[in-house]
Participant: 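Have a look at this one.
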Amino acid sequence: MATAPYNYSYIFKYIIIGDMGVGKSCLLHQFTEKKFMADCPHTIGVEFGTRIIEVSGQKIKLQIWDTAGQERFRAVTRSYYRGAAGALMVYDITRRSTYNHLSSWLTDARNLTNPNTVIILIGNKADLEAQRDVTYEEAKQFAEENGLLFLEASAKTGENVEDAFLEAAKKIYQNIQDGSLDLNAAESGVQHKPSAPQGGRLTSEPQPQKEGCGC
Amino acid sequence: MKKRVERVKREKERGESERVKKKGKRKRWKEREERNRAEEQTRRPPEEVADLLGEVIPGLDINQQEEPGFEVITRIDLGPRPAVSRRDPVSVEEWTKHQDPEGRVQRVAQLKQAIFKGGLCHAVRKEAWKFLLGYFPWNSTTEERKALQRSRTDEYFRMKLQWKSVSEEQERRNSRLRDYRSLIEKDVNRTDRTNRFYEGIDNPGLVLLNDILMTYCMYDFDLGYVQGMSDLLSPILYVMENEVDAFWCFAFYMDQLHQNFEEQMQGMKTQLVQLGSLLRLLDLAFWNYLESQDSGFLYFCFRWLLIRFKRELSFQDVLRLWEVMWTELPCENFHLLVCCAILDSEKQKIMEENYGFNEILKCHINELSMKLDIDEILHKAEGICLQIQNCKDLPRSVSSILGLSSDSLLDSSEPRRPPPQRPDACSNGHHGHFPQTSASVS
């Protein structure tokens with residue numbers, strides 16, 4: 001394998017979790033394509049998206065795993081959590097039931113990721129103010145009590161979607177900088193991509209290139 | 001982990017028929033377990049380890065513990081993979097030729113063999129799928145089928161009325177019905193919307209999808225609606241172009257796949273274990289590689305199995321693959337060999353590029369979607385089936401997965417002769433157990 005220069009220095013793995021129909025795939029689509037896709041096919045198992053962002057002058061590739069929301073498939077989607085550096089936990093502000101289920105999603109996220117995994121709570125469909133069923137304040141309080149980042153967003157208008165992904169990335173990057181996230185831990189969910197490879201794990205990663213999967 | 005792969009390579013070099021003592025394997029397995037556990041403990045919280053090893057999909061560890069009663073693990077020489085030929089789809093003329101004056105289908109085995117080998121022309125599908133799925137008995141007359149359709153139509157609309165007549169107030173007190181309704185509404189609006197049959201706002205196809213799925217909830221309220229069902233219904237409705245016929249064909253298809261969708265997902269678990277056994281037989285080195293990358297649970301095949309490759313192939317190819325699989329030829333669980341065929345084309349790259357869990361799932365499985373060649377897959381899957389059938393010392397576990405008896409081995413060696421209707425080929429559906437008259441289904 002050639003030492004082709006990477007056009008990013010880190011890869012962060014994200015997962016998106018939450019009840020079915022809260023807009024997980026739409027958030028991802030809006031973030032990667034900058035488009036709202038109303039009839040985005042429902043996810044069976046897992047889907048992927050990637051985008052390169054910049055935090056503090058560092059290019060970071062987000063590798064985002066978008067999971068199926070229906071309760072029945074949790075047994076399988078749980079296997080995708082491991083090694084996530086960030087988790088976007090999504091509910092629908094117009095459907096209280098999706099908010100009520102957050103504690104169970106949070107339990108999974110805490111148990112199946114590492115202690116440093118950054119979890120951001122996202123109240124989606126913020127454009128549907130008239131149908132609001134969950135107040136900003138109560139969700140904010142829930143987030144604070146559980147040490148989560150929090151934003152309300154709209155996959156439809158794009159409001160705060162960018163920020164949701166970026167805020168989590170900033171927090172992860174900060175954890176790397178202050179040393180609380182150990183990059184050498186196998187399940188940190190972060191891969192460093194310096195120009196000269198270092199460490200066993202890095203060399204075994206497939207290199208991004210034009211042909212191939214570009215993951 | 002790497003060591004293990006190397007060891008497997010060495011074993012392979014030593015000769016295909018070399019026997020590996022199970023004791024040794026069990027010891028290595030144990031060592032690996034301990035090593036894994038030590039690694040896991042350093043990188044994951046203990047709750048997670050417990051979860052991954054047991055709770056996530058309980059029962060999945062069976063294939064790593066070997067069945068009792070097996071003393072030696074044999075590296076089986078499968079021999080060369082026979083070349084297979086496929087044929088043109090069954091035409092309208094050919095289909096018609098198989099019907100007697102009263103409309104009974106004649107020489108069913110031969111017809112099924114033709115469908116297995118080439119699929120159906122689109123014009124035949126609307127009628128032929130009803131037989132393949134078990135809605136129409138093969139030996140029924142045209143008159144009997146008309147009567148059957150009449151009674152099925154009454155039954156359908158009776159069930160449809162049940163949910164249609166629930167008042168808003170009643171529904172407020174029926175959370176399960178409310179949940180089903182909202183799940184179905186959400187998924188119908190995002191099923192195959194790029195297909196002409198379902199595209200655009202207020203497409204009548206969407207109303208039909210919705211109504212059939214809602215009625216299915218009445219037909220099987222315990223199961224209700226589970227994601228994936230709309231994917232299974234969509235091609236059927238597209239072919240049937242009729243609400244009642246589509247419902248019954250869908251219901252019969254769901255009978256085959258019911259376990260995939262049940263609460264405990266037992267069907268999925270069983271199939272993943274079975275697929276593991278097949279992969280291990282076909283290429284031990286690849287199987288060991290997958291295990292070394294924590295991919296032995298084969299989660300990356302989940303979508304393939306749940307909705308029978310619906311999202312992996314183009315719409316037209318899905319129709320072809322499904323009708324071929326519905327013939328239940330050339331063995332039971334042929335869809336597992338379809339998985340093996342797809343993986344067979346990918347394994348070289350996966351191993352050479354040293355892909356890990358993430359990459360296997362993402363790059364080489366999920367992103368294969370729509371890039372697969374149905375003809376190549378069917379050729380290969382049938383070839384693998386023949387290869388396995390020709391094997392003399394097949395493990396009992398494998399022959400039972402594929403439903404191979406000594407009789408069926410004979411069939412396979414003479415592919416030109418239409419196979420007789422074997423009772424064991426009809427084990428997991430309605431096919432084969434045809435009522436003599438339509439009375440029993442009305």
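Just so you know, these numbers come straight off a predicted model, no measurement behind them. Residue numbers start from 1 in every chain, and the chains themselves are labelled A, B, ... in the order their sequence lines are given, proteins ahead of strands.
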Participant: I would like to know whether A:Glu47 and B:Arg303 meet side chain to side chain contact (heavy atoms under 4.5 Å, CB included); could you show each step before the answer?
Facilitator: CA-CA 10 Å; A:Glu47 298 280 347; B:Arg303 188 170 74 188; 2.8 Å; yes

Participant: Under 4.5 Å, counting heavy-atom pairs only, tell me which of B:Leu183, B:Leu306, B:Thr191 racks up the most with chain A.
Facilitator: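 Among the listed options, the one with the most contacts to chain A is B:Leu183.
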
Participant: What are the two closest heavy atoms between A:Gln70 and B:Tyr225, and how far apart are they?
Facilitator: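 Where A:Gln70 meets B:Tyr225 most closely, the heavy atoms are NE2-O, 3.5 Å.
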
Participant: With a 4.5 angstrom heavy-atom cut-off, could you sort out which part of A:Ser97 is near chain B: side chain, backbone, both or neither?
Facilitator: neither

Participant: Looking at A:Gln58, I want to see if its CD is surrounded by more than 12 non-hydrogen atoms of other residues, nucleotides or ligands under 6.0 Å.
Facilitator: yes

Participant: Mind listing the closest non-hydrogen atom pair of A:Pro41 and B:Arg311 along with its distance?
Facilitator: CB-NH1, 4.2 Å

Participant: Using a cut-off of 6.0 Å, state whether more than 12 heavy atoms not belonging to B:Arg196 lie near its atom CZ.
Facilitator: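 Incorrect, the count does not exceed 12.
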
Participant: Which residues pass the side chain to side chain contact (heavy atoms under 4.5 Å, CB included) test with A:Asn146, not counting sequence neighbours?
Facilitator: A:Leu106, A:Arg110, A:Phe142, A:Leu148

Participant: Please round to the nearest 0.5 Å and tell me the distance separating atom OH of B:Tyr299 and atom OH of A:Tyr80.
Facilitator: 8.0 Å

Participant: Is there any residue in residues 199-208 of chain B with a non-hydrogen atom under 4.5 Å from a non-hydrogen atom of chain A, and which ones are they?
Facilitator: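 Contacts with chain A: none.
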
Participant: To the closest 0.5 Å, what do you measure between CD (B:Gln227) and CE (A:Met20)?
Facilitator: 3.5 Å

Participant: Report yes if some heavy atom in the side chain of A:Ser25 is under 4.5 Å from a heavy atom in the side chain of B:Arg190; otherwise report no.
Facilitator: no

Participant: Can you find a pair of side-chain heavy atoms, one from B:Asp294 and one from A:Arg82, that are under 4.5 Å apart?
Facilitator: yes

Participant: Quick one: side chain to side chain contact (heavy atoms under 4.5 Å, CB included) partners of B:Ser182, sequence neighbours excluded?
Facilitator: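 Partners of B:Ser182 under the side chain to side chain contact (heavy atoms under 4.5 Å, CB included) test: none.
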
Participant: Which heavy-atom pair separates A:Asp39 from B:Asn189 by the least distance, and what is that distance?
Facilitator: CB-O, 3.3 Å

Participant: In this structure, are over 12 heavy atoms from other groups packed under 6.0 Å from A:Lys156 atom NZ?
Facilitator: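 No, NZ of A:Lys156 has 12 or fewer neighbouring heavy atoms, counting only those of other groups under 6.0 Å.
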
Participant: Output all residues satisfying side chain to side chain contact (heavy atoms under 4.5 Å, CB included) with B:Glu263, sequence neighbours left out; order by chain, then residue number.
Facilitator: A:Arg72

Participant: So how far is it from A:Ile44 CD1 to B:Ile307 CD1, rounded to the nearest 0.5 Å?
Facilitator: 4.5 Å

Participant: With a 4.5 Å limit on heavy-atom distance, are the side chains of A:Val46 and B:Phe300 in contact?
Facilitator: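 Result no, sub-4.5 Å side-chain heavy-atom pair not found.
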
Participant: Measure B:Thr194 against the heavy atoms of chain A and call it side chain, backbone, both or neither at under 4.5 Å.
Facilitator: neither

Participant: Nearest 0.5 Å, what's the CE-CZ distance between B:Met268 and A:Phe73?
Facilitator: 8.5 Å

